[in-house]
Amino acid sequence: MAEQLNKPAYSLLDLTKYYLKLGTWGFGGPVALVGYMHRELVENRGWLTEEEYKEGLALAQLAPGPLAAQLGIYIGFVHYRFIGATLIGLAFILPSFLMVVLLGMAYRLYGGLAWMQAVFYGVGAAVIGIITISAYKLTIKSISKFEWSAVRANWLLWVFYIIAIAVTAITQKEEIFLFLASGIIYTLIKAPPLWLRKRRIAPAAILLNIGFWNYNNKTLQEIGWFFLKAGAFVFGSGLAIVPFLHGGVVKEFGWLNEQQFVDAVAVAMITPGPIVITVGFIGYLVAGFSGACIAAMATFLPCYLFTVALAPSFKKIAKNASIKAFVQGITASVIGALVGSVVIIGLRSITDIPTALIGIAAVLALVYIKKLPEPYIIGVAAIIGLLIKAL
């Protein structure tokens, strides 16, 4: 790390400006955002070496936190340490945060009107199709392909995955202890740590009309604690946070109803930057601007802390088989929970033949039209919803 700190080819201001632009125009989800960073920062500008980029990507995949945001924070840390990580994290998240707050204001004003309901009638169905494909891609990437030899080789991860689907679908809430248990069990079986092999286990005014200032301290405390837990269990993709949010926001606290929750996920799809920024929209609906700020800060705080804590010694950490196994076990359960949440939300969003057809069309479009941006699908679904309700 010492040689990396010498003579960076860019200033902190240059990097901050880049991430402000990426946060403003970066559509396409975590995989696309990660690709943009590689193309621009490694290939085009040469600000980072291939090795530095790959180290950041590996850390983003290993530690909890939304993939693209965590990679950005790491890149800020490489040459400018804590101040770089902080500024880049804020620059990347701030544009989309402001967008979802504005959308939250509009939703408060117009959400009860027929045309807004018609828009989200189509959009909600399309979102189910998009999440379904994302869950499939995460499954084959993080667990294994649907081939007998691969399934047999990773049978325990598949067990965690299936159990998480069933538990989420039945209980309709997130089970954090299930995720932790999956990580611990997989670690003990696949790569028990050295200390465990040797010793016993050790302990380890218009603003009022749009709800801008609507909050109470108890609700803000609940929002902060809930979103802090959610942010600590997002591995690889922002969509992995969906089952946590659904279980708490809809089932446990009752802050939003099912339709509002699907609308919140849709907002994340149509805005640039990290998908996890939907927490800002949810926080705004629950407790105004204060709720949006608390929800966003609490969700991204674990991501930031893990990055700045692990980055200096990451090369050593990355080789630890026990840590890798723990993350693999948790990831299998988290993705299973995502699939379970798709089942729950889908049953409430796909309410008739038109919404079923929109959902199926979204799936087929993503499968057969390569590199189709998801916001395009959302836009078409919104227009279809308006047309259906107008007829």
Side-chain angles (χ1 to χ4, degrees), residues 23 64-66 69 86 89-113 116 120 123-124 127 172-174 176 205-234 238-305 341 345:
T86 304
L90 290 173
F92 185 41
I93 297 165
L94 186 60
S96 54
F97 173 76
L98 294 176
M99 291 179 200
V100 297
V101 168
L102 291 173
L103 287 169
M105 294 178 185
Y107 193 85
R108 279 284 187 92
L109 281 173
Y110 304 115
L113 300 183
M116 178 70 88
F120 282 103
V123 167
V127 166
Q172 300 190 11
K173 62 181 181 179
E174 83 283 2
I176 292 178
I206 184 170
L207 295 181
L208 291 176
N209 291 334
I210 57 178
F212 198 83
W213 298 120
N214 285 358
Y215 72 91
N216 63 63
N217 290 333
K218 183 175 184 297
T219 301
L220 288 181
Q221 292 171 7
E222 291 173 342
I223 288 173
W225 177 239
F226 171 72
F227 283 98
L228 188 68
K229 290 190 294 181
F233 285 90
V234 183
L239 284 174
I241 203 173
V242 168
F244 294 94
L245 298 185
H246 182 267
V249 170
V250 179
K251 294 298 175 184
E252 182 179 353
F253 294 103
W255 289 328
L256 304 182
N257 59 37
E258 294 286 352
Q259 185 58 55
Q260 289 172 327
F261 181 77
V262 174
D263 295 346
V265 177
V267 164
M269 300 286 184
I270 62 176
T271 51
I275 290 176
V276 174
I277 202 60
T278 187
V279 300
F281 182 84
I282 293 173
Y284 185 87
L285 295 188
V286 177
F289 184 68
S290 299
C293 292
I294 297 280
M297 287 190 293
T299 302
F300 284 98
L301 182 61
C303 165
Y304 173 82
L305 294 178
S341 69
I345 301 169

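Just so it is clear, the values below take in all heavy atoms, side chains as well, and ignore hydrogens, waters and symmetry mates. Quick caveat, the model's predicted, so the values are computed rather than measured. Here, residue 1 is the first one in the sequence, and each next residue gets the next number.
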Next on the checklist: Run the side chain to side chain contact (heavy atoms under 4.5 Å, CB included) test on Phe226 and Val249 for me, step by step, so that the C-alpha distance in whole Å, both residues' side-chain angles and the decisive distance to 0.1 Å come before the verdict.
Outcome noted: CA-CA 9 Å; Phe226 171 72; Val249 170; 3.8 Å; yes

How close do [X] and [Y] get, counting heavy atoms only, and between which atoms?
| X | Y | result |
| --- | --- | --- |
| Ala69 | Cys303 | C-SG, 4.3 Å |
| Ala287 | Leu220 | CB-CD2, 4.0 Å |
| Pro302 | Ala298 | CD-O, 3.1 Å |
| Val250 | Asn257 | CG2-O, 4.2 Å |
| Val286 | Arg108 | N-NH2, 4.3 Å |
| Val262 | Gly124 | CG1-CA, 3.4 Å |

Item to check | 4.5 Å side-chain heavy-atom contact, Pro274 and Ser96 | outcome: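 Side chain of Pro274 against side chain of Ser96, heavy atoms only: contact under 4.5 Å found.
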
Next on the checklist: Test of understanding: with ring-ring contact (aromatic ring centres under 6.0 Å, His included), list the residues that count as partners of Phe281, not counting sequence neighbours.
Outcome noted: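 Scan of Phe281 (ring-ring contact (aromatic ring centres under 6.0 Å, His included), adjacent residues dropped) gives Tyr107.
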
Checklist entry - What residues form a ring-ring contact (aromatic ring centres under 6.0 Å, His included) with Phe300, not counting sequence neighbours? => result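 Once residues adjacent in sequence are excluded, Phe300 has no partner under the ring-ring contact (aromatic ring centres under 6.0 Å, His included) criterion.
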
Item to check | Pairs satisfying salt bridge (charged side-chain N to carboxylate O under 4.0 Å, His left out), at least one member in residues 254-283, at least two apart | outcome: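 Applying salt bridge (charged side-chain N to carboxylate O under 4.0 Å, His left out) to every pair that reaches into residues 254-283, excluding sequence neighbours, yields Lys251-Glu258, Glu258-Arg348.
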
Checklist entry - Going by the salt bridge (charged side-chain N to carboxylate O under 4.0 Å, His left out) test, which pairs reach into residues 265-279, not counting sequence neighbours? => result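 For residues 265-279: none.
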
How long is the gap from [atom1] on [X] to [atom2] on [Y], to the nearest 0.5 Å?
| X | Y | atom1 | atom2 | result |
| --- | --- | --- | --- | --- |
| Ile223 | Met297 | CD1 | CE | 11.0 Å |
| Leu98 | Thr271 | CG | OG1 | 11.5 Å |
| Leu90 | Phe97 | CG | CZ | 11.0 Å |
| Phe289 | Ile294 | CZ | CD1 | 10.5 Å |

Item to check | From CA spacing to verdict: side chain to side chain contact (heavy atoms under 4.5 Å, CB included), Trp255, Thr219 | outcome: CA-CA 10 Å; Trp255 289 328; Thr219 301; 4.3 Å; yes

Checklist entry - Thr278: what forms a side chain to side chain contact (heavy atoms under 4.5 Å, CB included) with it, not counting sequence neighbours? => result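 Once residues adjacent in sequence are excluded, the partners of Thr278 under the side chain to side chain contact (heavy atoms under 4.5 Å, CB included) criterion are Leu245, Ala264, Ala268, Ile282.
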
Next on the checklist: Applying side-chain hydrogen bond (donor to acceptor under 3.5 Å, both in side chains), can you list everything that pairs with Glu222, at least two apart in sequence or on another chain?
Outcome noted: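 Counting only residues at least two positions away or on another chain, Glu222 forms a side-chain hydrogen bond (donor to acceptor under 3.5 Å, both in side chains) with Lys218.
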
